[in-house]
Amino acid sequence: MTVASYPPAPREYFLRDARYMARALVGAWLVRSAPGDVRVVRIVETEAYRGPGDAACHARAGLTRRTRTLLGPPGFAYVFLVYGRHECFNVVCLRDGSGHAVLIRAAEPVTGIARGSRCDGPGRVARAMGITRAEDGCDLTGQPLYVSPRQGRVSVGVSARVGVAYAGEFAGRPWRFFDRASAHVSRPPASAIGLGNGKE
DNA sequence: CATATGATTCCA
DNA sequence: GGAATCATATGA
């Protein structure tokens with residue numbers, strides 16, 4: 001397999017609500033293609049963040065230094081630091097100023113990922129792909145970092161988002177999506193099907 | 001300027 | 001179970 005097997009998605013691919021974008025990204029590929037550094041992972045878990053009206057979305061703060069790319073045009077990377085140590089990688093979508101984005105929460109190593117390096121968990125995905133805040137605002141429709149659409153079918157599970165308990169009624173919205181067949185989802189899918197996970 | 005906290009991970 | 005660790009957002 002070469003990078004040619006994973007063509008970049010065009011801008012139009014990103015012009016949709018985060019709910020649909022998040023679902024579409026399950027099974028899609030995230031590719032880093034730079035001279036001497038080719039990495040590919042298969043996305044298996046995502047979450048939708050839906051703009052200023054979503055109490056869990058950073059866009060609720062309005063236009064600030066941090067939300068500049070989140071509130072920018074679709075098809076670009078929104079990368080932020082959480083808990084002072086972990087970078088989180090998001091795909092901005094829908095339309096310029098909408099504040100919609102999809103958090104990539106977990107992936108499966110495909111190519112160029114160091115052996116033993118895990119990709120389950122948003123901080124780990126970013127680290128495995130070498131994504132830092134330096135990539136914030138990066139255009140995702142071409143090299144060096146891009147998304148390649150899913151090939152084939154995927155059975156997608158749905159659950160509430162993780163780590164957003166502070167968001168009131170929005171904490172329970174079923175805006176997390178994952179590949180039911182993947183062993184690399186960051187949390188047990190059991191929490192997903194409404195059976196509860198013993199917490200919260 | 002001061003302070004609280006987080007879209008998490010790692011270790012005990 | 002709890003600490004780590006710092007940029008951001010918010011309020012004085």
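We name chains A, B, ... by the order of the sequence lines, and we start the count at 1 in each one.
- Contact check on D17(A) versus R95(A) returns no salt bridge, with no Lys/Arg side-chain nitrogen under 4.0 Å from an Asp/Glu carboxylate oxygen.
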Pairing of DNA chain C as dot-bracket, 5' to 3': ( ) intra-strand, [ ] crossing, | other strand, . unpaired, with Watson-Crick or G-U pairs under 3.5 Å?
||||.||||||.
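- We find the SG-CH2 distance between C57(A) and W175(A) to be 9.5 Å, quoted to the nearest 0.5 Å.
- Shown are R23(A), R161(A), R105(A), R19(A); of these, the salt bridge (Lys or Arg N to Asp or Glu O under 4.0 Å) with E47(A) is made only by R105(A).
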Report, as a single string ordered 5' to 3', how protein heavy atoms within less than 4.0 Å touch nucleotides 3-12 of chain B: B base, S sugar-phosphate only, - not at all.
---BBBSS--
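- Of the listed residues (T46(A), L103(A), V185(A)), just one forms a side chain to side chain contact (heavy atoms under 4.5 Å, CB included) with R176(A), and that residue is V185(A).
- The salt bridge (Lys or Arg N to Asp or Glu O under 4.0 Å) test with E108(A) is passed by exactly one of R42(A), R124(A), R118(A): R42(A).
- No donor-acceptor contact under 3.5 angstrom links the side chains of D120(A) and S186(A), judged on distance only.
- Salt-bridge check for R127(A) with E87(A): failed, with every basic side-chain N at 4.0 Å or more from each acidic carboxylate O.
- Other residues, nucleotides and ligands contribute only 12 or fewer heavy atoms inside 6.0 Å of the OH atom of Y20(A).
- Nucleotide dT5(C) holds its P atom 15 Å from the CD atom of E87(A), rounded to whole Å.
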